[in-house]
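Here is the structure we will look at.
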Amino acid sequence: MSIRHFLQFNDLSRDELDYIFERALWIKAQFKDYQQYWPLTDRTLVMIFEKASTRTRLSFEAGMQQLGGSAIYLNTRDSQLGRGEPVEDAAQVISRMSDIVMIRTFEQEIIERFAANSRVPVINGLTNEYHPCQILADILTFIEHRGPIQGKTVAWIGDSNNVCNTWLQAAEVLDFNVHVSTPPGYEVEQERAGLYGHAHYEEFADPMEAARGADLVTTDVWTSMGFEAENEERMRDFADWQVDADMMKVAAKDALFMHCLPAHRGEEVSADVIDGPHSVVWDEAENRLHVQKALLEFLLLGRINKA
Ligand code: CP
Ligand code: NVA
């Protein structure tokens with residue numbers, strides 16, 4: 001079997017994604033029932049972090065252990081990665097000592113160069129451009145609460161960042177719609193988002209109009225990791241792009257609210273929304289674990305017949 005990477009959302013086909021969601025639900029049910037399931041015994045995941053993380057590290061490390069394997073954490077501060085070793089050399093070495101690699105880094109180009117020199121599958125644990133594992137978890141959460149996402153409308157309010165770009169790719173692969181509202185100057189860049197066209201998203205100047213009738217309203221921090229120098233300017237530019245109770249009122253009656261976390265209450269979302277009845281953020285965070293276990297299994301073992 002040739003190596004499969006998960007560097008951006010559209011690296012997987014709709015059929016493969018449907019399989020992974022179904023598989024994630026089965027793996028989750030086993031886990032909740034305290035059934036031991038160890039398909040990855042003796043397999044090692046290396047996790048490389050060039051940016052901070054709570055959920056991504058925890059879900060990959062716990063997930064790998066729960067599947068019978070082990071995980072090794074490397075970061076730029078205390079490895080040669082922070083001292084200028086070429087990414088191509090690091091990929092050669094790390095992939096000879098492990099079975100699968102997850103990387104959180106800056107430019108997408110870094111992870112692509114790593115993957116081109118890797119003997120094992122590489123997973124994107126967030127880059128400046130994409131966060132594909134997050135959207136796997138978000139869509140799994142949508143499916144659990146509301147059923148298939150096909151034909152539904154997702155409202156993205158705020159920055160056209162890595163999480164937004166990944167929603168837009170997911171809409172193309174899985175056939176749903178995204179209504180995007182960003183402040184002027186922060187619009188979606190189609191090429192950077194890796195999109196084929198404009199058929200699955202629409203841009204709105206007014207965030208209330210983007211949210212109107214949406215089945216899911218979602219947002220993210222105004223300043224992503226790596227963009228801290230722009231923080232003050234962004235605070236001003238994004239002030240009218242907060243998801244609040246009035247915005248949730250114009251969405252569909254049973255609309256869900258999601259946020260990849262960490263969140264800043266009082267900035268991109270009001271406390272009464274993130275802590276209120278529409279919010280499924282804790283299920284969303286938990287589903288990182290279950291869906292990534294299905295992803296690890298798929299990339300290492302391919303499709304499995306249900307046990
Ligand atoms: N949502 C997410 O990726 O969280 P962490 O930055 O904590 O990994
Ligand atoms: N857009 C955010 C997501 C954090 C999980 C960032 O890149 O910092």
Side-chain angles (χ1 to χ4, degrees), residues 8-9 50-56 104-108 124-139 153-172 177-195 198 200-212 214 216-244 246-248 251 255-271 273-274 279 281 284-285:
Q8 47 185 301
F9 199 87
E50 297 207 83
K51 291 177 179 171
S53 167
T54 297
R55 279 144 287 267
T56 303
R104 169 168 285 197
T105 186
F106 293 89
E107 289 78 24
Q108 180 72 11
N124 182 344
L126 181 147
T127 57
N128 289 350
E129 288 81 2
Y130 306 120
H131 196 2
C133 294
Q134 183 65 53
I135 304 308
L136 285 181
D138 293 7
I139 293 174
T153 298
V154 175
W156 177 269
I157 310 298
D159 192 16
S160 64
N161 63 12
N162 40 14
V163 180
C164 173
N165 288 342
T166 311
W167 269 114
L168 297 172
Q169 279 201 0
E172 284 188 341
N177 310 304
V178 185
H179 288 179
V180 185
S181 182
T182 66
Y186 297 91
E187 291 86 357
V188 172
E189 292 171 48
Q190 208 162 295
E191 200 178 322
R192 184 174 160 86
L195 301 176
H198 208 289
H200 289 85
Y201 75 98
E202 197 178 335
E203 292 183 272
F204 293 78
D206 180 353
M208 290 296 266
E209 290 313 308
R212 195 171 298 283
L216 163 63
V217 180
T218 185
T219 185
D220 187 12
V221 290
W222 291 340
T223 306
S224 287
M225 291 181 280
F227 297 82
E228 289 80 3
E230 300 172 14
N231 195 37
E232 262 184 49
E233 192 183 341
R234 283 171 171 265
M235 288 292 155
R236 283 192 301 273
D237 293 346
F238 283 81
D240 294 332
W241 272 262
Q242 181 184 91
V243 179
D244 60 12
D246 287 340
M247 197 177 282
M248 291 310 296
L256 299 175
F257 172 77
M258 290 190 197
H259 189 310
C260 64
L261 306 176
H264 296 80
R265 288 170 176 74
E267 292 180 19
E268 74 275 5
V269 60
S270 62
V273 168
I274 194 167
S279 176
V281 296
E284 183 188 359

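Residues meeting the side chain to side chain donor-acceptor pair (under 3.5 Å) test with Gln169, sequence neighbours left out: Gln8.
The environment of Glu232 atom CD is sparse: at most 12 non-hydrogen atoms of other residues, nucleotides or ligands sit within 6.0 angstrom. Within 6.0 Å of atom CD in Glu189, 12 or fewer heavy atoms from other residues, nucleotides or ligands are found, so the atom counts as exposed in its surroundings.
No donor-acceptor pair under 3.5 Å is formed between the side chain of Glu209 and the backbone N or O of Ala205. Using modelled atom types, no side-chain atom of Arg104 and backbone atom of Lys51 make a donor-acceptor pair closer than 3.5 Å.
Taking both residues in full, the closest heavy atoms of Glu187 and Thr182 are given as CA-OG1, 3.4 Å, listed atom of the first, atom of the second, then distance. Scanning both residues, Trp241 and Ser181, for their nearest heavy atoms gives NE1-OG, 2.9 Å. Contact between Thr218 and His259 at its shortest, heavy atoms only, is OG1-N, 4.2 Å. Taking all atoms of both residues into account, the shortest heavy-atom contact from Asn165 to Glu129 is ND2-O, 3.1 Å. Phe9 and Leu136 get closest at one heavy-atom pair: CE1-CD2, 3.8 Å.
Atom OH of residue Tyr186 and atom SG of residue Cys164 lie 14.5 Å apart, to the nearest 0.5 angstrom. Here Thr54 contributes atom OG1 and Leu261 contributes atom CG; the two are 10.0 Å apart, rounded to the nearest 0.5 Å. Atom OG1 of Thr153 sits about 4.5 Å away from atom NE2 of His179, to the nearest 0.5 Å. Expressed to the nearest 0.5 Å, how far CG of Leu216 lies from CE of Met258 amounts to 5.0 Å. Note: Glu268 CD to Ile157 CD1 = 12.0 Å, rounded to the nearest 0.5 Å. A distance of 12.0 Å separates NE2 in His131 from CG in Asn128, rounded to the nearest 0.5 Å.
Side-chain contact, Asn124 with Gln108: a donor N or O sits under 3.5 Å from an acceptor N or O.
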Open item on the list: If you apply the rule side-chain contact (heavy atoms from CB on, under 4.5 Å), what do you find for His264 with Gln242, and how did you get there?
Closed with: CA-CA 10 Å; His264 296 80; Gln242 181 184 91; over 6 Å; no
- [ ] For side-chain contact (heavy atoms from CB on, under 4.5 Å), just list the numbers for Asp138 and Trp167, CA-CA rounded to whole Å, side-chain angles, deciding distance to a tenth of an Å, and then say yes or no.
- [x] CA-CA 9 Å; Asp138 293 7; Trp167 269 114; 3.6 Å; yes
TODO: Please assess Val221 against Val163 for the test side-chain contact (heavy atoms from CB on, under 4.5 Å), listing each intermediate value before the final yes or no.
DONE: CA-CA 10 Å; Val221 290; Val163 180; over 6 Å; no
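Residues Asn231 and Trp222 form no side-chain contact, since every pair of their non-hydrogen atoms from C-beta on lies 4.5 Å or further apart. Looking only at side-chain heavy atoms (C-beta outward), Tyr201 and Leu195 come within less than 4.5 Å of each other.
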